[in-house]
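Here is the naming used below: chain letters follow the sequence lines, and residue numbers restart at 1 for every chain.
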2 protein chains.
Amino acid sequence: MKWDTLDEEQCSLSRTIAVVGDRWTLLILRECFLRVRRFEAFQSSLQITRHLLSERLKKLVRSGILRRVPYSDAPKRYEYILTQKGLDLYPIIMAMVHWGDTHMGDERGRPLLHEHKSCGKLFDPVMVCSECGEPLHAKQVHVHAGPGRKEAVG
Amino acid sequence: MKWDTLDEEQCSLSRTIAVVGDRWTLLILRECFLRVRRFEAFQSSLQITRHLLSERLKKLVRSGILRRVPYSDAPKRYEYILTQKGLDLYPIIMAMVHWGDTHMGDERGRPLLHEHKSCGKLFDPVMVCSECGEPLHAKQVHVHAGPGRKEAVG
DNA sequence: GGCTATAGTTCTAAAATAGAACTGTCAAAC
DNA sequence: GTTTGACAGTTCTATTTTAGAACTATAGCC
């Protein structure tokens, strides 16, 4: 497949995969949500090769997920900060974390606990219907072709 | 990185990425949720090479996300069906689709619309806190080390 | 026997990644 | 004023993965 044109496909999943669908990008985003912002910090916490880190950060900036913000003029240094578009990836990351907690856990229990500051409790993320607020299950969803597509293929 | 031991990391995201963190696997899962079940059907709708499709299906079966169910005895033929563990990936897929709809759309509108059978309406998926039911935002979440980890690194 | 359908496996070429070394800028230390 | 170290990359070669196409195997149908 030509991954460089994946974002032109008539499928929102393909378009998302085009920008955040690889292992390193997802791990880099995890670090971003944990407030990591600098090249050396990403590199040492992920043990990613510098080459790939450089590539991935550039791509994330190009796709508007990170902003490259100067924090020092001499020498020129930048840090990478999530844009709103990047922050909106949070449900994806949380959904993956929650699935890992549920299905890939070991006997020691989950690695991280999440506290919702608004209500003060430890929580799990739950995906609900925007209209009725009920939790969503695959079998309760029916798919229609939308205006951006002739027939339902994905 | 040694991706084959990623699922042993003290991070639920890494463990999830270990099994569903690559482009083809995510696209295969999309097809699964659209009721695709057979080798040839995956292959022709995704244009994935037969070799990779075979590899990915084996891996998904090994990880308990798909079951390989015989549907013909002579010749032996199997189809691939989501287990409960696989069905539980739905929020991840939906979160990715929704992000794509929101941030990667084009002028024609979204490719697919989703109808919630329970309430009959077209909806968007929303991620909420299991405790208070409010929509989740990255900045409202605080991370603690859980029993499966000594210090919070991811 | 020859054709088709299905579900793979095998092969080589091309692309991506790993791993390590190198570059350039500047500040602070000696 | 030379050296050291931090930071943010770039460049290089070796290995691994993926793409693309051809091939294998089983069985039903004509």
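- Residues forming a ring-ring contact (aromatic ring centres under 6.0 Å, His included) with B/His142 (at least two apart in sequence, or on another chain): B/His144.
- D/dG28 atom C1' lies 17 Å from atom NZ of B/Lys76, rounded to whole Å.
- Taking atom CD of B/Gln47 as the reference point, atom C1' of D/dT18 lies 15 Å away to the nearest angstrom.
- Taking B/Arg38 as the reference, B/Glu79 meet the salt bridge (charged side-chain N to carboxylate O under 4.0 Å, His left out) condition, with sequence neighbours excluded.
- As a whole-Å value, the separation of A/Phe39 CZ from D/dA6 C1' is 13 Å.
- A pairwise comparison of heavy atoms in A/Cys119 and B/Cys129 identifies SG-SG, 3.9 Å as the closest pair.
- Using a 4.0 Å cutoff on non-hydrogen atoms, the parts of residues 59-75 of chain A near DNA chain D are A/Arg68, A/Tyr71, ordered by number.
- In this structure B/Glu40 satisfies the salt bridge (charged side-chain N to carboxylate O under 4.0 Å, His left out) test together with B/Arg50, sequence neighbours excluded.
- Under the 3.5 Å distance criterion, with hydrogens and angles disregarded, no donor-acceptor pair is assigned to the side chains of B/Ser118 and A/Glu134.
- A/Ile81 belongs to a hydrophobic cluster whose remaining members, ordered by chain and number, are A/Val69; membership requires side-chain heavy atoms of ILVMFWY residues under 4.5 Å apart, directly or through intermediates.
- Partners of B/Gln47 according to the side-chain hydrogen bond (donor to acceptor under 3.5 Å, both in side chains) rule, which considers only residues two or more places apart in sequence or in another chain, do not exist here.
- First and last contacting nucleotides of DNA chain C toward chain B (any atom under 4.0 angstrom from a heavy atom, 5' to 3' order): C/dA5 to C/dG19.
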Please list, one pair per line, the donor and acceptor atoms closer than 3.5 Å that link side chains of residues 15-24 of chain A to other protein atoms, with sequence neighbours excluded.
unit_1	atom_1	unit_2	atom_2	d
A/Arg15	NE	A/Glu9	O	2.8
A/Arg15	NH1	B/Met104	O	3.3
A/Arg15	NH2	A/Glu9	O	3.1
A/Arg15	NH2	B/Asp106	OD2	3.2
A/Thr16	OG1	A/Ser12	O	2.9
A/Thr16	OG1	B/Met96	O	2.7
A/Thr16	OG1	B/Gly100	N	3.2
A/Asp22	OD1	A/Thr25	OG1	2.5
A/Asp22	OD2	A/Trp24	N	3.3
A/Asp22	OD2	A/Thr25	N	3.4
A/Asp22	OD2	A/Thr25	OG1	3.4
A/Asp22	OD2	A/Arg56	NE	2.8
A/Asp22	OD2	A/Arg56	NH2	3.1

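- Members clustered with A/Val128: A/Val126, B/Val126, B/Val128, by chain and number, using a 4.5 Å side-chain heavy-atom cutoff among hydrophobic residues.
- Screening residues 98-118 of chain A for ring-ring contact (aromatic ring centres under 6.0 Å, His included), with sequence neighbours left out, gives A/Trp99-A/His103, A/His116-A/Phe123.
- Among residues two or more places apart in sequence or in another chain, the side-chain contact (heavy atoms from CB on, under 4.5 Å) test is passed with A/Tyr80 by A/Phe42, A/Leu57, A/Val61, A/Leu66, A/Arg68.
- Annotation: proximity of residues 48-57 of chain B to DNA chain D (heavy atom, distance under 4.0 Å) is found for B/Thr49, B/Arg50, B/Leu52, B/Arg56, numbered in ascending order.
- Atom P of nucleotide D/dC7 and atom CZ of A/Phe42 are separated by 14 Å, given to the nearest angstrom.
- Atom CG in A/Asp22 sits roughly 11 Å away from atom P in D/dT18 (whole-Å rounding).
- Dashed line: the shortest gap from a side-chain N or O of B/Trp24 to OP1 or OP2 of D/dA19 is under 4.0 Å.
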